[in-house]
Amino acid sequence: MSIKPNLRIEKIRTWPLMYTEYAIVAFLILISIHFMVFGTMIMPPLVLLFGMGIVVFFFVSLHHYSGSWRKLPMDRFYTRLFGHALVYRLIFVGIMLLLTSWLDPDSYPFEIRAMDSWVYHDVGMKVAEGIRNGNMFDVLNETWRSFNDWGHSIYLGFLYYVFGPHFIVVRIFNVLWGALTAVFVGKTAEYVFGRSAGRMAGIMAMLMPAFWWYGGMHLKETVMIFLMVLPCYQAVKLIQTGKLKFLNIIMIAGPIFLLFYYRSFLAPLLILCMGGYLLLNVFKKKRNQGIVLVSAVVFVLVMGWIISRFGFQEHITETVEQSQGRFDYQLTNIAKEVEEISFEKGVVAPFMLAGAVVTPFPTFLDIGQRQLGIYVRFQNDVVRNFLYFFAFLGIWYGVKRKLNDSALVILFPLGYILVLAISGVSFQARYQVPALPFMIILMAGGFHLAKPKVLNRWPMYLAIIMAAILAWNYFKVSIRGLM
């Protein structure tokens, strides 16, 4: 069923070829500057060419799909989006296997510099055996100190129990969850910002290199992102349509319940943001006010029962207490990795907080064995860094014009990134990627709501972000005494 657009006058805006040219030229200039400044410290040429191909493919395809799919009926658009997202992710699963066998054969068949994946795989096999023997929870209690690591282990254990301990099964399911996530991202953007924005968001999610990257891994991010996007889509749909069904409650409460077992602070943060979103629409949205009020009450009651019934309140308190010392731990840990460097909290903290939204920046330099797992995914960070200009516009116009509609997709990613910054992990790509689906929605909204004269300031932003990326790479070299 087609979603009713949110904008009274639906304007179709496609990604201009000129913007693709801007992005590619800026990227090539950025690479050229790094060659001139850092010379032989640049990553291996074949790895660089691979990443460059991904960046160019993204921006060329964004122009192509936004133009060729612009007049498709929405039902047909989402069908094509799902099919293409499946194909691209399947292809990248094969590419990831080839990359690992080439660059880090010891980690094969998992990702480059795989550590957590081996642990998840081993525990998944133990859980599968526990399912057969009826002692699954004993296995989990013996393996993990906290139940926020249970989720992915149970998920893998169930897949191994049904299909056997084959890594390819996990990747195939990642492909499915990733393709569905692209569809839900598009539909959420359509409800919030209109049909044209929905198309753009869906296409961006379909092509986003970071989603391909983590979909080709054994880690929990792909499943976790799906569990975040699904309840948000259902909540936005409920508010926009004013139709409350039992299935809506299940599709909102179920994934949030599962998130408690994936990453400790995600579920409480999502509950707070969703509760604020519902309350904002209770008091300010005249249409379907009764349905919204009932939905808010039901949501609070169901979430309260889940938190109380499963003892999550103690876990939430424990998580807050642990996060207070996380920042100092991160600085100490980095200092141990890079000898003879002292990171002063008072000096570093402001930069980490200020840069939390746009980081991590890409690394182009091969300056240590540990850097392989970082520079090999530079294309993910380049695309995200370049496009955040439109996300900032989406936040601005969302607050200014469509606060009731956009509150959830603004509150959650900003709240999530703030938690990362306070915890000192905002510069780690793996922690940042769960915010990306919501930032894509904001990118699409900003792109479609901003006037052309505002959008045409993007090259200025590209110049600023290129300077920031260069400064980041220079910082990494200088603290090691290499320049």
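These values consider heavy atoms only, across backbone and side chains, with no hydrogens, waters or symmetry-generated copies. Along the sequence shown, the residues carry numbers beginning at 1. Keep in mind that what you see is a predicted model, and the values were worked out from it rather than measured.
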Item checked: Distance flag, aromatic centroids of F193 and H448, threshold under 6.0 Å -> no
Item checked: Identified ring-ring contact (aromatic ring centres under 6.0 Å, His included) counterpart of W15 within the set Y65, F58, W69, F390 -> F390
Notebook entry, point to check: Any idea how H218 and F110 line up, ring-wise: parallel (<30°), tilted (30 to 60°), or perpendicular (>60°)?
Noted result: perpendicular
Notebook entry, point to check: Does the ring of Y155 carry K220 above it, NZ/CZ under 6.0 angstrom from centre and within 45° of its axis?
Noted result: no
Next item on the list: Look at the side chain of R89 and the backbone N and O of W212, then say whether any donor-acceptor pair between them is shorter than 3.5 Å.
Entry: no
Notebook entry, point to check: Side chains of D405 and Q240: donor-acceptor distance under 3.5 Å anywhere?
Noted result: yes
Next item on the list: Measure the acute angle between the ring planes of F27 and F386, then classify it against the limits of 30° and 60° as parallel, tilted or perpendicular.
Entry: perpendicular
Checklist line | Residues R132, E129: salt bridge by 4.0 Å N-O rule | finding: yes
Notebook entry, point to check: Among side-chain atoms of T143 and K126, is any donor-acceptor pair under 3.5 angstrom?
Noted result: no
Next item on the list: Identify, with sequence neighbours excluded, every residue that meets side chain to side chain donor-acceptor pair (under 3.5 Å) alongside Y416.
Entry: R263
Notebook entry, point to check: With the threshold set at 4.0 Å, does a side-chain nitrogen-carboxylate oxygen contact exist between R430 and D116?
Noted result: yes
Item checked: Side-chain donor-acceptor pair present, E111, T100, cut-off under 3.5 Å -> no
Next item on the list: Report the relative orientation of the aromatic rings in Y262 and H152; use parallel for angles under 30°, tilted for 30 to 60°, perpendicular for over 60°.
Entry: perpendicular
